[in-house]
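To start, the structure itself, in structure tokens.
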Number of protein chains: 2
Amino acid sequence: MRSMETPETPDPTSVPESAGDRAPKPGKAADEAPVTGIAAQDWATASADPHYRAAVVDLLGALAYGELAAFERLAEDAKLAPTLEDKAELAAMAAAEFHHFERLRDRLAEIGEAPNKAMLPFKAALDDFHRQTAPSDWLEGLVKAYVGDSIASDFYREVAARLDTDTRTLVLAVLDDTGHASFAVEKVRAAIAAEPRVGGRLALWARRLMGEALSQAQRVVADRDALSTMLVGGVADGFDLAEVGRMFSRITEAHTKRMAALGLAA
Amino acid sequence: MRSMETPETPDPTSVPESAGDRAPKPGKAADEAPVTGIAAQDWATASADPHYRAAVVDLLGALAYGELAAFERLAEDAKLAPTLEDKAELAAMAAAEFHHFERLRDRLAEIGEAPNKAMLPFKAALDDFHRQTAPSDWLEGLVKAYVGDSIASDFYREVAARLDTDTRTLVLAVLDDTGHASFAVEKVRAAIAAEPRVGGRLALWARRLMGEALSQAQRVVADRDALSTMLVGGVADGFDLAEVGRMFSRITEAHTKRMAALGLAA
């Protein structure tokens with residue numbers, strides 16, 4: 001996924017346009033992240049470390065299930081669309097998520113891992129997230145599509161810098177090949193302009209989405225040692241729990257700025 | 001869509017493997033159909049006839065909405081999947097239908113027609129079909145995916161012979177680029193083998209699906225003169241209402257044979 005165009009608030013974690021290149025330069029994906037030894041290695045070399053391997057399998061499993069769950073939710077939310085055109089837009093996002101899922105699943109199979117087994121540990125957290133945040137109308141669905149797309153995009157960028165070159169290429173390619181949520185921004189802005197009261201309700205909604213996302217993310221971090229350690233650059237560089245908090249902070253901040261740009265006090 | 005491999009019952013309307021070629025030979029798509037003047041013309045020539053043009057706009061609109069509705073239903077039915085793998089299979093079908101929708105929609109835009117306006121007349125019939133045939137469990141969902149894919153495939157083939165070369169190329173390309181339902185056949189066969197009683201229930205279900213499909217199709221035929229006239233080869237060759245009945249008969253027969261091959265007395 002690619003985060004939305006909201007020129008008023010440059011995304012603090014944004015990367016140059018070339019981020020989706022098939023072979024991005026090591027360590028360029030997120031300025032804050034240290035260039036680790038792993039980031040200069042390919043999968044064959046990096047995966048010799050069983051902790052790193054386990055972490056990547058977790059990551060790919062979590063992303064794959066996340067995309068599959070997003071497909072399901074977007075397809076469901078497409079039903080709320082007021083027009084056929086709107087329905088088609090959300091369906092297009094859903095189809096794009098499904099193709100991300102396919103790539104991640106195929107990569108798991110390629111490295112000799114059973115995709116379903118890799119996804120399963122993340123099913124409960126992602127299903128719960130979507131259950132807790134089922135939109136009650138079309139605008140809530142749009143805000144969720146946008147927020148979800150943006151948070152996922154931020155997370156992909158954060159994590160990309162900590163990955164071996166092959167895995168990073170895949171993650172950045174998945175990140176790069178959409179941007180479907182931009183239509184959501186226009187629609188939400190127009191709705192708020194037409195009926196300013198709507199903004200208050202949607203701002204609460206966006207806050208609830210972020211809260212639920214963080215709470216499920218914490219749950220995953222607590223459960224999955226190898227993944228969490230890698231997320232904070234721990235495999236090669238020593239574990240630093242505070243860095244998990246900082247990563248969540250950066251993602252939350254970017255979210256807050258995007259919401260403000262959208263006319264929603266977050 | 002491509003109909004399923006059921007070698008025991010060669011589909012009476014089946015076409016050679018080359019059916020999906022970008023430039024199939026005129027009039028070869030369905031043996032029963034007469035080679036009309038239209039079938040030898042390209043869109044620019046054929047569309048000079050306003051009746052033919054209206055019929056093709058109807059056809060593309062009906063197919064486009066059919067694909068969008070199928071996307072929605074398959075994505076919904078994917079929720080019933082017992083495993084992540086099964087879910088992914090149905091989601092893959094849904095994504096494929098969405099891409100068919102995109103091609104048909106884009107073609108409408110290309111010939112200067114508003115896709116939504118072209119789709120709208122068919123919304124009620126297709127929505128009603130899906131509302132009347134919401135699967136109550138995973139196996140019903142699979143049978144529906146298979147039956148729907150096969151009927152659509154038969155219909156695409158029937159209609160292809162009556163189209164100008166450009167429209168036919170599009171219709172055959174959409175027909176050709178899937179075949180996802182084959183996994184459904186295996187699963188249904190295995191379920192019946194494990195629990196023969198299931199066969200009786202699913203046979204009833206398949207009959208209901210076909211009945212509902214025919215009833216909605218009749219409704220469309222009654223409503224849309226230009227489309228119906230074209231479907232029976234009427235634009236260039238004189239209207240023949242009995243031919244509508246024969247087309248429905250051929251599709252029903254093919255369905256019956258497929259169901260028998262699946263172990264379901266239809």
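Chain identifiers are assigned alphabetically (A, B, ...) following the order of the sequence lines, protein sequences preceding nucleic acid strands; residue numbering begins at 1 within each chain. Because only heavy atoms are used, hydrogens play no part in the values below, and waters and symmetry mates are left out as well, while side chains stay in.
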Chain A contact residues among residues 105-118 of chain B, heavy-atom distance under 4.5 Å: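 Within residues 105-118 of chain B, the residues that come under 4.5 Å of chain A (heavy atoms only) are B/R105, B/N116.
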Portion of B/L68 that has a non-hydrogen atom of chain A nearer than 4.5 angstrom: side chain
Region of B/E85 in contact with chain A, defined by heavy-atom distances below 4.5 Å: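 Answer is both: backbone and side chain atoms of B/E85 are under 4.5 Å from chain A.
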Do you see a donor-acceptor pair shorter than 3.5 Å between the side chains of [X] and [Y]?
{"X": "B/D225", "Y": "B/S228", "value": "no"}
{"X": "B/D166", "Y": "B/T169", "value": "no"}
{"X": "A/R219", "Y": "A/S215", "value": "no"}

Spatial distance of atom OH (B/Y146) from atom CZ (B/F183) [nearest 0.5 Å]: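 One finds 13.0 Å between OH of B/Y146 and CZ of B/F183.
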Inter-residue atom distance B/F129.CZ - B/L214.CG, 0.5 Å rounding: 9.5 Å
Carboxylate-amine/guanidinium proximity below 4.0 Å for A/E67 and A/R103: no
Pair A/D77 + A/K87, salt bridge at N-O below 4.0 Å: no
